[in-house]
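Remarks on the structure that follows.
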Amino acid sequence: MSRSLVVGSFENGEDILSAARAARVAGLTIVDTYTPYAVHGLDTAMGLAPSRLSWVCLVAGLTGAILKLWFEWWTAVVDWPVNVGGKPDNSLPAFVPITFEVMVLFAGLATVGALFAVARLWPGRRRPALVPRTTDDRFALVIEQTSAEETTARVRALFEEHRAVAVTEHVDEGRTCGRGQTAMKALNVVLALALLAAIGANAALDRDPAVPARDYLPEMAYSLAAESYAADPAFGSGGVLQVPPDGTIARGASPLHYLATPADALRAGLELSAPPIDQQALRRGATLFQTFCAICHGDTGVGNGPVVARGFPPPVSLLAPHARDMKDGQIFHVLTYGQLNMPPYASQIDAVDRWRIVAYVRQLQGSQQP
Amino acid sequence: MAEAMPTRMRLPLIDGDKSLAQVTRDVCAPLDRRAGFPWWAAFLLSFSALGVGLVAIGYQMVTGVGVWGENNSVGWAFDITNFVFWIGIGHAGTLISAILFLLRQRWRTSVNRAAEAMTLFAVMCAGIFPIIHVGRPWVAYWLLPYPNFRGSLWINFRSPLAWDAFAISTYFVISATFWYVGLIPDLATIRDRLAPGLRQRIVSFFSLGWDGSGRTWHRYELVYLLLAGLGTPLVLSVHTIVSWDFATSVLPGWHATIFPPYFVAGAIFSGMAMVLTLMIISRAVLDLRDYITSRHIDVMCKLVIATSGMVGLAYITEFFTAAYSGNTYEQFAFLNRAFGPFAWAYWTMVSCNVLIPQVLWFRAVRRRVSAVLVVALLVNVGMWFERFVIIVTSLHRGFLPASWTGYAPTIVEVATLVGSFGLFFTAFLLFCRFIPVIAMAEVKGAMAADRHERSGVSA
């Protein structure tokens with residue numbers, strides 16, 4: 001189908017705008033306009049309906065968001081739930097950021113893709129311009145010429161009234177296959193051949209499942225484990241196990257600031273007090289007493305343990321008034337730091353257990369007469 | 001209608017009362033000329049810097065990231081500093097292209113093309129660092145959820161680092177799309193003025209057969225608006241998510257609700273400074289003083305000072321929060337920042353970001369392009385140090401005094417940073433040679449609207 005066109009060229013946006021408005025009023029068919037920039041108001045002057053591309057944006061954005069949200073939920077709840085820091089499998093708030101990003105990604109790309117599709121823009125496309133310089137400084141208004149001869153004259157008059165710099169006539173032969181399209185076809189053929197070649201090559205290559213895949217830079221995947229007591233290559237000084245810095249305190253320990261002297265034992269008696277002890281703890285105290293203390297002090301604490309029978313100087317009786325009058329903290333100090341012939345127990349019995357033994361000693365003293 | 005526009009610039013948008021053809025000629029002039037000595041000198045310099053970076057990256061990939069100065073306590077340092085620095089730079093491009101578009105700031109048309117290009121290159125530079133940081137860059141694609149033979153084992157969507165991967169890649173894709181869509185009409189202009197040849201064929205390929213049809217413009221304008229509408233929340237989300245990388249941890253100095261707005265303001269601040277730096281240099285070198293006028297520099301300076309104020313407020317708020325919280329760890333983290341071993345970095349940051357930009361209150365300073373350039377460069381330095389301070393000073397003295405350490409970058413890390421600058425400037429210089437740095441179609445449209453409005457007001 002061929003149509004004949006009358007094209008008016010203008011030098012500025014205001015002229016084409018008024019010409020387009022006048023053409024509409026005169027009932028002429030505006031085929032299109034060609035302008036170097038988006039002339040404000042020209043779309044309404046041409047009578048273009050609002051574009052529906054915003055719907056594409058909305059629908060694509062919603063699709064992206066819903067798909068992504070579903071995918072995050074499916075991977076985290078259905079396909080492979082992994083406990084991450086005790087968070088619930090369906091950690092909805094944490095899924096929001098990525099959902100948002102994917103929504104924007106879908107909306108943006110789909111909108112631009114839709115623009116290219118409806119405006120028929122594609123790489124390599126060529127469209128010969130009806131009037132030169134419309135991408136530089138010329139504005140062209142294209143009007144379709146209907147049957148009557150006088151339309152041409154009317155259109156010319158209208159164009160000239162609106163300061164057109166040139167008026168030309170063209171015949172539109174309808175769609176033709178331009179060089180750009182031929183190039184696109186050639187490109188498609190090349191791409192299709194490349195794809196076929198890739199598939200063929202993939203099928204032709206024989207893969208031996210016994211040959212392991214190649215590891216690049218394997219040290220990163222299989223890290224070199226160093227021996228705990230070996231010399232350390234990274235820190236230079238000391239071994240692989242580093243010496244703890246001065247003043248390091250073990251987990252759960254609370255430091256005591258006493259010396260192994262009778263004066264400090266008295267001070268400990270004033271400062272330290274026993275924590276509450278229940279029946280279970282007391283039983284543990286009894287076991288420990290049997291294990292660590294009875295060997296010298298005897299089962300009842302009178303000082304007749306087995307080592308005494310073999311010549312070890314007998315310890316004072318724990319049931320004697322001196323030991324009865326000792327404060328809990330003072331006994332704790334004796335267990336911790338020792339006293340003359342009695343060795344310290346801090347390295348063998350931890351603080352909690354030492355208090356339990358103190359409680360048991362108290363029980364012994366309470367149940368028996370000296 | 002016209003006189004109701006609140007954001008109208010009182011002075012003409014561009015200087016010299018240009019005709020449309022003149023705009024085309026002026027903007028395309030640097031593309032038509034052969035590259036001169038300054039361009040080649042700058043290009044060789046940046047390209048060598050890029051080479052240094054490539055050697056450094058090759059070395060650390062083969063040897064492992066142990067060649068960095070990082071240690072068990074300071075596990076993030078130079079790499080993440082550079083990452084956040086570059087990502088931040090990118091934000092000004094989107095601010096100018098999307099946010100100022102929605103706000104109908106017409107002056108943006110002179111700088112948006114270059115600013116968007118800057119965004120793209122900055123995001124590329126930013127991407128280098130986390131990719132190396134993952135340790136095995138050749139499997140960096142594990143960051144994306146794809147069906148695999150390990151289960152499928154999916155990524156942890158609750159992790160801010162996964163959010164980051166999505167945010168940055170979406171940001172890059174959308175920014176590139178936005179930039180390209182804006183570029184199509186200008187590519188058509190270049191296509192139509194080039195003599196047939198290879199270059200013309202390439203440009204023609206990418207111009208998608210654009211012919212300035214009114215129907216296409218009608219849709220195009222809507223799409224551009226939609227992209228701006230999508231880009232605005234996107235850019236805010238990107239640096240918000242970057243800040244969550246820190247804020248969702250429990251480390252004093254990182255664990256703060258102020259982080260998202262603080263990071264976004266800082267990003268725009270640093271980006272504006274980088275735009276100013278690039279614009280001041282390229283308007284002189286490419287002879288575009290009539291398009292990027294002293295008035296453009298003036299408004300950009302005002303944006304710098306506004307964002308500088310926000311950043312300053314954030315610094316003060318952090319200290320206030322620490323003091324008011326009554327939390328000793330929090331208080332220590334900030335005292336250590338200001339008076340600890342990295343106090344020099346902290347005070348460099350404060351002076352470059354808060355104190356020095358205050359000179360821009362004076363019109364005399366804003367008018368002196370050389371002075372503005374100096375301030376912009378210092379702001380860039382300051383913003384780099386801001387990230388360094390946030391990352392390193394918080395990590396090097398954490399909860400456990402036994403693991404307190406120091407940190408100093410190694411030569412490999414410095415070389416990688418140099419390389420990222422090399423990449424950035426190489427890409428920018430190539431951009432200046434082959435793509436119009438000013439959005440011609442947009443400037444023409446803005447000029448017309450501007451003229452219309454000014455005549456409307458006087459009438």
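By convention in this document, chain letters (A, B, ...) are assigned in the order of the sequence lines, proteins followed by strands, and residues within each chain are numbered from 1.
Proximity to chain B (any heavy atom under 4.5 Å) is restricted, for A:Ala49, to the backbone atoms N, CA, C and O. Heavy-atom distances place the backbone of A:Pro50, and not its side chain, under 4.5 Å from chain B. Within the 4.5 angstrom heavy-atom criterion, atoms from both the backbone and the side chain of B:Leu230 approach chain A. Of the atoms belonging to A:Thr248, not a single heavy atom falls under 4.5 Å from chain B. Proximity to chain B is absent for every atom of A:Trp73, based on heavy atoms less than 4.5 angstrom apart. Both the backbone and the side chain of B:Ser213 come within contact range of chain A, with heavy atoms under 4.5 Å apart. Within the 4.5 angstrom heavy-atom criterion, only side-chain atoms of B:Ile184, from C-beta onward, approach chain A. For a residue to count as touching a neighbouring chain, one of its non-hydrogen atoms must lie under 4.5 Å from one of that chain's; by this rule B:Tyr171 does not touch chain A. Interface remark: B:Leu227 contributes side-chain atoms only to the contact with chain A (heavy atom separation under 4.5 Å). Heavy atoms of A:Val118 lying under 4.5 Å from chain B belong to its backbone as well as its side chain. In this structure, chain B has a heavy atom under 4.5 Å from the side chain of A:Phe100, while its backbone stays farther away. For A:Val31, the part lying near chain B is the backbone, with the side chain staying farther off; criterion is any non-hydrogen pair under 4.5 Å. For B:Pro233, the parts lying near chain A are the backbone and the side chain together; criterion is any non-hydrogen pair under 4.5 Å.
With chain B as partner, the option from A:Asp43, A:Asp246, A:Leu141 having the largest number of non-hydrogen pairs under 4.5 angstrom is A:Asp43. Comparing A:Val84, A:Leu42, A:Ile30 by how many heavy-atom pairs each has under 4.5 Å with chain B, the most go to A:Val84. Chain A forms the most heavy-atom pairs under 4.5 Å with one residue out of B:Ala167, B:Ala162, B:Gly151, and that residue is B:Ala167. Your options are B:Pro185, B:Ser237, B:Ala448, B:Ala402, and the one with the most heavy-atom pairs under 4.5 Å with chain A is B:Ser237. Among the candidates B:Asp186, B:Asn156, B:Thr240, B:Ile190, the residue making the largest number of heavy-atom pairs closer than 4.5 Å to chain A is B:Asn156. Heavy-atom pairs under 4.5 Å with chain B were tallied for A:Ala140, A:Gly247, A:Ala119; the largest tally goes to A:Ala119. Of the listed residues (B:Val443, B:Asn71, B:Leu225, B:Val223), the greatest number of heavy-atom pairs within a distance under 4.5 Å of chain A belongs to B:Val223.
Here the CD1-CH2 distance, from A:Ile98 to B:Trp163, works out to 8.0 Å after rounding to the nearest 0.5 Å. Between the CG atom of A:Asp137 and the CZ atom of B:Arg25 there is a distance of 8.5 Å, given to the nearest 0.5 Å. Atom CG of A:Leu92 is separated from atom CZ of B:Arg158 by 11.0 Å, given to the nearest 0.5 angstrom. Note that CG of A:Leu69 and CZ of B:Phe157 are 10.5 Å apart. Values are rounded to the nearest 0.5 Å. Atom OG1 of B:Thr170 is separated from atom CG of A:Leu105 by 4.5 Å, given to the nearest 0.5 angstrom. Here B:Ile241 contributes atom CD1 and A:Glu101 contributes atom CD; the two are 4.5 Å apart, rounded to the nearest 0.5 Å.
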Exercise. Given the rule in the side chain to side chain contact (heavy atoms under 4.5 Å, CB included) test, do A:Leu48 and B:Arg219 qualify, once you have shown the distances and angles that lead to the verdict?
Worked result: CA-CA 10 Å; A:Leu48 297 179; B:Arg219 298 179 176 121; over 6 Å; no
Exercise. Given A:Trp80 and B:Ser152, is the side chain to side chain contact (heavy atoms under 4.5 Å, CB included) satisfied, shown in steps?
Worked result: CA-CA 8 Å; A:Trp80 190 341; B:Ser152 291; over 6 Å; no
For this session: Decide yes or no on side chain to side chain contact (heavy atoms under 4.5 Å, CB included) for B:Arg193 and A:Thr135, but give the supporting numbers first.
Result: CA-CA 9 Å; B:Arg193 55 199 304 283; A:Thr135 55; over 6 Å; no
For this session: Take B:Leu20 and A:Phe139 through the test side chain to side chain contact (heavy atoms under 4.5 Å, CB included) and record every step on the way to the result.
Result: CA-CA 11 Å; B:Leu20 297 177; A:Phe139 301 75; 3.6 Å; yes
Problem set entry | Test ring pair (Phe, Tyr, Trp, His ring centres under 6.0 Å) applied to B:Trp217 and A:Tyr37, step by step | CA-CA 8 Å; B:Trp217 272 123; A:Tyr37 61 85; 7.8 Å; no
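Counting heavy atoms from C-beta on, the side chains of A:Asp136 and B:Lys444 come closer than 4.5 Å. Using a 4.5 Å cut-off on side-chain heavy atoms (C-beta onward), B:Leu222 and A:Ser54 make contact. The shortest distance between side-chain heavy atoms of B:Asp192 and A:Arg133 does not fall below 4.5 Å. You'll find the side chain of A:Pro97 reaches within 4.5 Å of the side chain of B:Trp244, heavy atoms only. A heavy-atom distance below 4.5 Å is found between the side chains of B:Ile174 and A:Val104.
Identified by a heavy-atom distance below 4.5 Å to chain A, the contributing residues of residues 204-212 of chain B are B:Ser204, B:Phe205, B:Leu208, B:Gly209, B:Trp210, B:Asp211, B:Gly212, in residue-number order.
Between B:His218 and A:Ser51 the shortest heavy-atom distance is NE2-N, 3.7 Å. Considering all non-hydrogen atoms of both residues, A:Pro36 and B:Ala441 come closest at O-CB, 3.7 Å.
Annotation: B:Tyr59, atom OH; neighbour count of heavy atoms from other residues, nucleotides and ligands within 6.0 Å does not exceed 12. No more than 12 heavy atoms of other residues, nucleotides or ligands shown are found within 6.0 angstrom of CH2 on A:Trp55.
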